[in-house]
Amino acid sequence: MLSWLINGAYLVVAILFILGLKAMSSPKTARQGIAWAGLGMVLATAVTFLIPGHDGGLAFFAPGKSINLILCVIALALGGGIAAWLGKVVKMTDMPQMVAVYNGMGGGAAALIAAVEFSSAEPPTGTHAVLAMIGALIGCVAFSGSVLAFAKLQGIMKKAVRWPVQNLGNVVHTLITLALGVAIVVAGPHPVLVIAFFAMALILGLALTSPIGGADMPVVISLLNAFTGLAVGLEGYVLGNPALIIAGIVVGAAGTLLTQLMAKAMNRPLSNVLFAPITGEAQADGAIEGSMKECSSMDAAAMMRYAEHVIIVPGYGMAVAGAQHKVYEMTKLLEAEGVQVSFAIHPVAGRMPGHMNVLLAEAGVPYDQIFDLDEINADFPLADVALVIGANDVVNPVARTDKSSPIYGMPILDADKARQCIVIKRGRGAGYSGIENALFYADNTTMLYGSAQQAVADVITHVKELS
Ligand code: NAP
């Protein structure tokens with residue numbers, strides 16, 4: 001009866017995870033998706049307490065075995081409390097770091113499961129031992145790699161660390177770690193072998209992540225996310241826990257697809273991200289012609305107030321400035337004057353895919369006004385004004401024209417093809433890739449300098465005056 005209850009609950013958990021993930025694919029249903037997946041997680045955790053033979057679970061019914069229960073409750077209260085607090089205080093622009101931390105936790109937890117299994121009185125053998133070992137290797141790499149990724153994104157570690165013959169060194173390192181794993185599976189988990197294996201696997205995560213530059217970090221985090229899913233799935237098989245297997249497979253598959261999508265959107269094959277990172281010194285060779293021309297907030301307001309169609313391109317700068325509410329306020333004013341306003345979202349605008357969609361949705365922008373790159377690019381030549389707010393790399397035309405540029409081949413939003421382009425940014429700061437932007441020097445581009453929120457507020461004032 002109890003096993004029916006547990007397996008039935010796991011089936012419900014699996015359905016909730018899959019439905020949750022499906023719902024997260026659209027901004028309209030994303031909140032619902034989070035709630036479903038969260039409910040699944042609560043159910044999966046609660047069911048753990050019912051598993052027979054599980055000290056923590058039996059403690060409910062068997063007094064005297066309560067130490068595990070106390071530990072479980074402390075761990076849940078600590079983990080849940082810290083996560084709830086972080087969820088409230090972490091800014092949208094710091095989300096990649098947050099994801100890195102969660103990835104690291106998942107990978108580390110999977111590796112710990114394997115460590116406990118190999119140190120137990122009845123260590124896994126045969127297929128179970130092989131899978132536990134692979135899960136431990138991937139989990140350790142995901143854990144230490146995520147810690148380093150967090151340090152880079154948080155600005156704690158400022159530079160990528162590279163050394164000669166790094167790729168060859170990493171191959172040799174991987175082979176030694178695998179050899180240790182094989183020795184444990186074949187000869188049994190001798191403590192020295194187990195400690196050496198885990199140490200090598202953890203260092204491997206650091207060695208693989210350290211040469212990768214900041215620009216590629218979100219892609220790496222997504223890859224580590226896929227690794228975490230795989231490690232959790234493998235350890236779920238070792239423990240015979242269906243919820244872990246399903247959650248691991250779902251996370252692994254989603255992480256793999258996201259990694260591919262991001263690499264494609266930046267036109268960087270995954271092999272380049274991992275083994276031929278952007279050095280940071282890369283600069284576009286082609287000399288950029290023209291000069292930057294400044295405009296006032298009144299000029300910008302007039303251009304948009306008397307336009308028929310305005311396309312807004314939000315970027316990372318809009319996110320850090322928290323200008324989305326002002327942007328929507330301006331949109332509504334322009335629409336009241338009969339101007340058609342659309343939003344163009346690049347797949348890697350901001351610091352994570354979906355970053356801009358979430359911000360605009362939070363500000364109340366209707367979903368049918370938000371368009372992906374493929375949907376809107378053909379509209380730019382017909383638009384009167386493209387208003388670029390704190391975006392840089394994702395509208396840089398050198399990606400189309402300059403083969404020597406590190407962003408050459410990255411699909412961009414064709415803001416330069418609109419009749420007029422207005423760029424709001426604070427000064428001459430470069431984008432994420434650190435290169436000059438030819439759009440800012442184009443004849444049809446004018447720069448409105450200022451922090452996004454204040455600049456848009458000034459434009460709003462003038463649009464009101466003109467109305
Ligand atoms: P971006 O290229 O980083 O440019 C942001 C611009 O915003 C900067 O030029 C900066 O110029 C301006 N800015 C900063 N603070 C501002 C403020 N308070 N008000 C107004 N402007 C401000 O951003 P993006 O165009 O969104 O491009 C995203 C970049 O991230 C791309 O290089 C992409 O490849 C990379 N990336 C994204 C992902 C992803 O998944 N999303 C993954 C990997 C890499 P000033 O300093 O002059 O103001």
Side-chain angles (χ1 to χ4, degrees), residues 91-97 99-100 149 152-153 212-223 225 255 257-268 270 272-273 277-278 280 282 284 292 294 297 300 312-324 326-327 343-360 372-373 386-399 405-413 415 422-437 439-440 447-459:
K91 288 188 256 158
M92 264 310 289
T93 41
D94 292 340
M95 270 302 152
Q97 290 93 303
V99 175
K152 285 189 181 190
L153 288 166
I212 298 168
D216 286 329
M217 245 334 124
V219 186
V220 172
I221 286 178
S222 175
L223 184 68
N225 184 26
L257 288 175
L258 184 61
T259 309
Q260 281 176 349
L261 187 142
M262 287 164 79
K264 195 170 154 233
M266 295 169 69
N267 196 37
R268 303 250 310 131
L270 196 54
N272 277 18
V273 171
I278 291 177
M292 290 199 204
E294 198 174 336
S297 45
I312 298 178
V313 180
Y316 177 71
M318 188 198 76
V320 259
Q324 60 275 19
K326 283 277 166 227
V327 172
F343 288 82
I345 310 286
H346 190 279
V348 296
R351 291 294 177 262
M352 291 188 81
H355 198 169
M356 294 300 125
N357 305 62
V358 172
L359 289 178
L360 295 179
D372 290 338
L373 184 139
L387 175 67
V388 176
I389 308 178
N392 195 334
D393 294 340
V394 299
V395 287
N396 192 342
V398 300
S405 168
I407 62 164
Y408 179 72
M410 174 170 125
I412 57 154
L413 288 164
I422 305 167
V423 178
I424 296 180
K425 68 201 291 287
R426 294 164 308 172
R428 291 178 166 245
Y432 207 36
S433 64
I435 61 167
E436 278 285 1
N437 192 334
L439 173 70
F440 304 159
M447 311 294 293
L448 176 54
Y449 292 116
S451 191
Q453 183 154 183
Q454 188 54 52
V456 177
D458 293 344
V459 172

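Numbering of ligands and ligand atoms starts at 1, following listing order.
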As a quick check of understanding, evaluate side chain to side chain contact (heavy atoms under 4.5 Å, CB included) for Val395 and Ile412, giving each step before the final call.
CA-CA 5 Å; Val395 287; Ile412 57 154; 5.8 Å; no
For Phe343 and Val327: C-alpha separation, side-chain torsions, deciding distance, then whether side chain to side chain contact (heavy atoms under 4.5 Å, CB included) applies.
CA-CA 10 Å; Phe343 288 82; Val327 172; 3.7 Å; yes
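Backbone and side-chain nitrogen or oxygen atoms of Met410 are examined, and none is located within less than 3.5 angstrom of a nitrogen or oxygen of ligand 1. Geometrically, ligand 1 and Gly390 share a nitrogen or oxygen pair separated by less than 3.5 Å. Between Gly315 and ligand 1, a contact under 3.5 Å exists for no N or O pair. Considering backbone and side-chain N/O of Met262, none are found under 3.5 Å from N/O of ligand 1. Not one N or O of Pro347 is nearer than 3.5 Å to an N or O of ligand 1, by distance alone. Taking any N or O of Ala391, backbone or side chain, none lies under 3.5 Å from an N or O belonging to ligand 1.
Of the listed residues (Arg428, Lys425, Gln454, Met447), the one carrying the non-hydrogen atom nearest atom 11 (O) of ligand 1 is Lys425. Taking all heavy atoms of Gly350, Ala323, Ala263 into account, the minimum distance to atom 26 (O) of ligand 1 is reached by Gly350. The nearest non-hydrogen atom to atom 9 (O) of ligand 1, considering only Leu261, Asn392, Val388, Val220, comes from Asn392. Distances from atom 46 (O) of ligand 1 to the heavy atoms of Arg426, Met318, His346, Gln453 put Arg426 nearest. Closest heavy-atom approach to atom 37 (C) of ligand 1 among the candidates Val313, Ile389, Val348, Asp393: Val348.
Between Leu258 and Met352 there is no side-chain heavy-atom pair separated by less than 4.5 Å. In this structure, Asn437 and Pro397 have side chains that are in contact, with non-hydrogen atoms separated by less than 4.5 Å. Counting heavy atoms from C-beta outward, Val273 and Leu223 have side chains that stay 4.5 Å or more apart. Proximity of Pro347 to Asp372: side-chain heavy atoms (C-beta onward) are nowhere separated by under 4.5 Å. Looking only at side-chain heavy atoms (C-beta outward), His346 and Met356 stay at 4.5 Å or farther from each other. The side-chain heavy atoms of Pro314 and Leu359, taken from C-beta on, include no pair separated by under 4.5 Å. At least one side-chain heavy atom of Leu153 sits under 4.5 Å from a side-chain heavy atom of Ile221. Counting only heavy atoms from C-beta outward, the side chains of Met292 and Tyr449 approach each other to under 4.5 Å.
Contact atoms of ligand 1 toward Ala349: 26 (O), 41 (N) (distance under 4.0 Å to a heavy atom of the residue). Those atoms of ligand 1 that come under 4.0 Å of a heavy atom in Gly317, given as number and element, are 7 (O), 13 (N), 14 (C), 15 (N), 16 (C), 17 (C), 18 (N), 19 (N), 21 (N), 22 (C). Annotation for ligand 1: atoms under 4.0 Å from non-hydrogen atoms of Ala321 are 18 (N). Distances below 4.0 Å separate heavy atoms of Pro218 from the following atoms of ligand 1: 42 (C), 43 (C). Close approach of ligand 1 to Ser451 (heavy-atom distance below 4.0 Å) involves ligand atoms 17 (C), 18 (N), 19 (N). Ligand-side atoms of ligand 1 in range of Ala430: 8 (C), 9 (O), range being under 4.0 angstrom from any heavy atom. For ligand 1, the atoms closer than 4.0 angstrom to any heavy atom of Met352 are 39 (C), 40 (O), 41 (N). Residue Val320 has at least one heavy-atom neighbour below 4.0 Å for each of these atoms of ligand 1: 15 (N).
The nearest pair of heavy atoms linking Met262 to Ser222 is SD-CB, 4.0 Å. Closest approach of Phe440 to Ala391, counting heavy atoms only: CZ-O, 4.4 Å.
For the ligand labelled ligand 1, residue Met266 lies inside the 4.0 Å heavy-atom shell.
Under 4.0 angstrom from ligand 1, there are no non-hydrogen atoms of Ala455. Under 4.0 angstrom from ligand 1, the non-hydrogen atoms of Val394 come from both its backbone and its side chain.
The residue from Val423, Asn396, Asn392 that alone fulfils the side-chain contact (heavy atoms from CB on, under 4.5 Å) condition with Leu439 is Val423.
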